[in-house]
Amino acid sequence: WIKKAKFEEKKVKDLQAARQVFQAAIEDLGDEYSSEELFIAFARFEVRLQEYDRARVIYKYALDHIPKARAQELYKSFINFEKQFGDKDEIEQVILNERRFAYETQLAADPLNYDIWFDYLALEESNFISNPSSSLICKIQDVYERAISNVPPIQEKQYWTRYIYLWTNYAIFEELYAKNPSKVAEIYTVLLQTIPHSKFSFSKIWIAFANFYIRMEDLPAARKVYGRAIGMYPKPAILDQYIMLELQLENIDRVRTLCSRYLQIFPESVHAYTSFIEVEKVFEEDERVRAIFEHAIRQTKLDKPEVIWKKYIEYERENGTIESVRNLYDRFFEKTKHVNVWISLAEFERSKEGEKDQNLDDARNVYRRGLEWMKTDDARREERMVLVESWLEMEEEEGGSVEVRGEVEKERGRRVMKKREVKGDDGEFLGWEEYWEYVFKEDEEGGRKGMNLKILQRATQWKKEEEEKKNKK
């Protein structure tokens, strides 16, 4: 066909006949047997006749009817044509089509590469923002539908994270640009049906769906979404958002019901207790606040018990009495005697209302109590040193007397390097390792006594061995 058209053009000089040959070839071969070579030859024939519009129509027709996998040379030829004879808009459209073609080629090879889908959609959305039209909306919707149809084959959350963002971006596009709320609701509904909630879920999807209904001023629908989420996939983030919503609406009873439900689902969560406490603080219900604190500290299993104790102490310092705070610290010491608790109590005694000298004496007594207790536990040498340094820092800031500073200095230890045996799991000796340890005054005094005792024990052992040797003889 191409040779016949060239014969009519070059030899017979019948341009109309050459054009008819190309047209007959396209009709006779059809889409199944037509090739890019035929269309390129036809378009170049029209270019030689300076029929640029005809050539452009031929290229576009070919690109619409020949599969992309068989049209790479055709596409390159079309780009070169537009760069030579097209205007600015047409050139931009060619570049856009070139990028589309590249993305389509990559996706044909790997449809589960969600990063390519994101880039492709960003291209289409950028084009829509520059040239908004209903046809481009349909184009973007088509790309989104194709993208979300590629469900991850493995039901593990790490493989679904990027995929989920395709859905959320789709919903955002429909809400902001397509202005189609019913489609947004449909997207979230289908997404929640797609996620395997028995294995994992995404709090952000439930929250985004509920927030969409709030923007649509459909509060019952938003509550229904949160209710389904708590029933199917209860997570702190979902409960926090639901509580915040009802709190903003000042629905006190609903808020308390949700907080109680929070504690039922997560009885070990300190965050659940503190959320409930903050709610009651808003309504200035001091008795309820203390009741929740008391209930929390009675729990035997909490993920961060020190947090609830710290908040309770802070609350009592702001709203209670000095005795109530001291009593709370005493109860806390029944749970733990960590150095930070001793320092916290000392700081409270130092900064409480009252006479400064008396406050300092009370703080010093706390330090003394803490040090006396730590002397009974050899594993707390570093904590003991921290407590001594904290006491010294207080005396320097407050200008303590020489006598008091001398008392504290005596409590300081020296950091020395020691050696200890290293043994394997089977108890076999592996060698020696060096380590640092704090040595205090009583250790050194005890060490001298201990050395004398060891000499006496060795002498006794030697004498015993000598007597045994004599008896054998």
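- When atom types are taken as modelled, the side chain of Tyr273 and the backbone of Ala296 share no donor-acceptor pair closer than 3.5 angstrom.
- Side-chain atoms of Tyr59 and Glu46 include no donor-acceptor pair closer than 3.5 Å.
- The CD1 atom of Ile297 sits 6.0 Å away from atom CG of Leu328, with the distance rounded to the nearest 0.5 Å.
- Of the possible donor and acceptor atoms, none in the side chain of Ser344 sits under 3.5 Å from a partner among the backbone N and O of Asn340.
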Q: Quick one: do Glu395 and Tyr367 satisfy side chain to side chain contact (heavy atoms under 4.5 Å, CB included)? Show the steps, please.
A: CA-CA 12 Å; Glu395 296 297 342; Tyr367 282 118; over 6 Å; no
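- Side-chain contact between Ile243 and Val279 is present, with at least one heavy-atom pair separated by less than 4.5 Å.
- Using bins of under 30°, 30° to 60° and over 60° for the plane-to-plane angle, the ring pair Phe212/Tyr188 lands in the tilted bin.
- Counting heavy atoms from C-beta outward, Leu191 and Ile195 have side chains that approach closer than 4.5 Å.
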Q | Pair Leu245-Gln241, side chain to side chain contact (heavy atoms under 4.5 Å, CB included): steps then yes or no | A | CA-CA 6 Å; Leu245 170 64; Gln241 290 294 319; over 6 Å; no
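- At a threshold of 4.5 Å between non-hydrogen side-chain atoms, the residues Arg369 and Phe333 count as touching.
- Phe81 and Tyr52 have tilted rings, their planes meeting at an angle from 30° to 60° on a 0 to 90° scale.
- Annotation: side chain of Arg380 is not in contact with side chain of Val339 (no heavy-atom distance under 4.5 Å).
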Q: Given salt bridge (Lys or Arg N to Asp or Glu O under 4.0 Å), test Glu334 with Arg331 step by step and report yes or no.
A: CA-CA 5 Å; Glu334 294 175 3; Arg331 294 169 63 190; over 6 Å; no
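- Taking a cutoff of 4.0 Å between a charged side-chain nitrogen and a carboxylate oxygen, Glu280 and Arg256 qualify as a salt bridge.
- Looking at heavy atoms from C-beta onward, Phe101 lies in side-chain contact with Thr105 at the 4.5 angstrom threshold.
- The aromatic rings of Phe39 and Tyr61 sit tilted relative to each other, their planes meeting at an angle between 30° and 60°.
- Under the 3.5 Å distance criterion, the side-chain polar atoms of Ser130 are matched with a main-chain donor or acceptor of Ser126.
- Panel note: side chain Gln299, backbone His295; a donor-acceptor pair is recorded below 3.5 Å.
- Side-chain contact between Glu8 and Gln20: absent, with no pair of heavy atoms (C-beta onward) separated by less than 4.5 Å.
- For Thr189 (side chain) and Ala185 (main-chain N/O), a donor-acceptor pair under 3.5 Å exists by modelled atom type.
- Within 6.0 Å of NZ in Lys157 there are more than 12 heavy atoms belonging to other residues, nucleotides or ligands.
- Counting non-hydrogen atoms of neighbouring residues, nucleotides and ligands closer than 6.0 angstrom, the OH atom of Tyr177 reaches no more than 12 such neighbours.
- Between the CD1 atom in Ile148 and the CG atom in Asn169 there is a gap of 11.5 Å [rounded to 0.5 Å].
- For the pair Arg326 and Glu323, the salt-bridge criterion is met [side-chain N within less than 4.0 Å of a carboxylate O].
- A 6.0 Å sphere centred on CD of Glu287 holds no more than 12 heavy atoms belonging to other residues, nucleotides or ligands.
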Q.
Could you go through Ser269 and Tyr262, starting from their C-alpha distance and side-chain angles, then the distance that decides it, and tell me whether this counts as side-chain hydrogen bond (donor to acceptor under 3.5 Å, both in side chains)?
A. CA-CA 9 Å; Ser269 171; Tyr262 202 160; 5.1 Å; no
Q: Kindly determine whether Met232 and Trp206 satisfy side chain to side chain contact (heavy atoms under 4.5 Å, CB included), including the steps that lead there.
A: CA-CA 11 Å; Met232 294 177 63; Trp206 294 101; 3.9 Å; yes
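- The backbone N or O of Ile154 lies less than 3.5 Å from a partner atom in the side chain of Trp160, making a donor-acceptor pair.
- Note that CG of Leu239 is 7.0 Å distant from CG of Leu258, once rounded to the nearest 0.5 Å.
- The backbone N or O of Glu73 lies less than 3.5 Å from no partner atom in the side chain of Ser77, so there is not a single donor-acceptor pair.
- In this pair, Phe22 and Phe42 present their aromatic rings parallel. The plane angle is below 30°, not in the 30 to 60° band.
- Atom CD of Glu37 has 12 or fewer neighbouring heavy atoms from other residues, nucleotides or ligands inside a 6.0 Å radius.
- Cation-pi geometry between Lys6 and Phe45 is not met at under 6.0 angstrom from the ring centre and within 45 degrees of the axis.
- With a 6.0 Å radius and a threshold of 12 heavy atoms from other residues, nucleotides or ligands, Glu382 has its CD atom at or below the threshold.
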Q) After noting the C-alpha distance and the side-chain angles of Tyr163 and Asn150, does the key distance pass the side-chain hydrogen bond (donor to acceptor under 3.5 Å, both in side chains) rule? A) CA-CA 8 Å; Tyr163 173 69; Asn150 296 285; over 6 Å; no
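- With rounding to the nearest 0.5 Å, the separation of CZ in Arg99 from OH in Tyr120 is 11.0 Å.
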**Q.** Verdict with reasoning, Lys139 to Asp142, per salt bridge (Lys or Arg N to Asp or Glu O under 4.0 Å)
**A.** CA-CA 5 Å; Lys139 171 69 175 174; Asp142 177 65; 5.3 Å; no
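- No donor-acceptor pair closer than 3.5 Å links the side chain of Asp110 to the backbone N or O of Gln106.
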Q: Could you walk me through whether Trp167 and Val190 pass the side chain to side chain contact (heavy atoms under 4.5 Å, CB included) test, one step at a time?
A: CA-CA 10 Å; Trp167 287 85; Val190 175; 3.6 Å; yes
Q.
Applying salt bridge (Lys or Arg N to Asp or Glu O under 4.0 Å) to Glu314 and Lys311, what does each step give before you reach the verdict?
A. CA-CA 5 Å; Glu314 289 175 355; Lys311 287 185 175 294; 5.3 Å; no
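- Using a 4.5 Å heavy-atom cutoff, the side chains of Leu249 and Arg254 are not in contact.
- Taking 4.5 Å as the limit, every side-chain heavy atom of Asn127 sits out of range of all side-chain heavy atoms of Ile140.
- Ring-plane geometry between Phe293 and Tyr312 is classed as parallel, the angle between the planes falling under 30 degrees on a 0 to 90 degree scale with a further cut at 60.
- The number of heavy atoms from other shown groups lying within 6.0 Å of NZ (Lys281) is above 12.
- Environment of OH in Tyr165: sparse, with no more than 12 heavy atoms of neighbouring residues, nucleotides or ligands closer than 6.0 Å.
- With hydrogens and angles ignored, the 3.5 Å screen pairs no side-chain donor or acceptor of Lys352 with any backbone N or O of Phe348.
- Remark: Lys76 does not engage Glu36 in a salt bridge, criterion side-chain N to carboxylate O under 4.0 Å.
- Remark: Met216 CE is packed, more than 12 non-hydrogen atoms of other residues, nucleotides or ligands lying under 6.0 Å away.
- Looking at Glu316 and Arg290, a side-chain N of the basic residue comes within less than 4.0 Å of a carboxylate O on the acidic one, giving a salt bridge.
- Distance alone, capped at 3.5 Å, is enough to place a donor-acceptor pair between the Trp342 side chain and the Lys337 backbone.
- Under 4.0 Å is where a charged nitrogen must lie from a carboxylate oxygen, and between Glu9 and Arg44 no such pair does.
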Q: Decide yes or no on ring pair (Phe, Tyr, Trp, His ring centres under 6.0 Å) for Phe118 and Tyr114, but give the supporting numbers first.
A: CA-CA 6 Å; Phe118 281 118; Tyr114 301 121; 7.6 Å; no
Q: Please assess Arg317 against Ser351 for the test side-chain hydrogen bond (donor to acceptor under 3.5 Å, both in side chains), listing each intermediate value before the final yes or no.
A: CA-CA 11 Å; Arg317 290 181 68 166; Ser351 60; 3.3 Å; yes
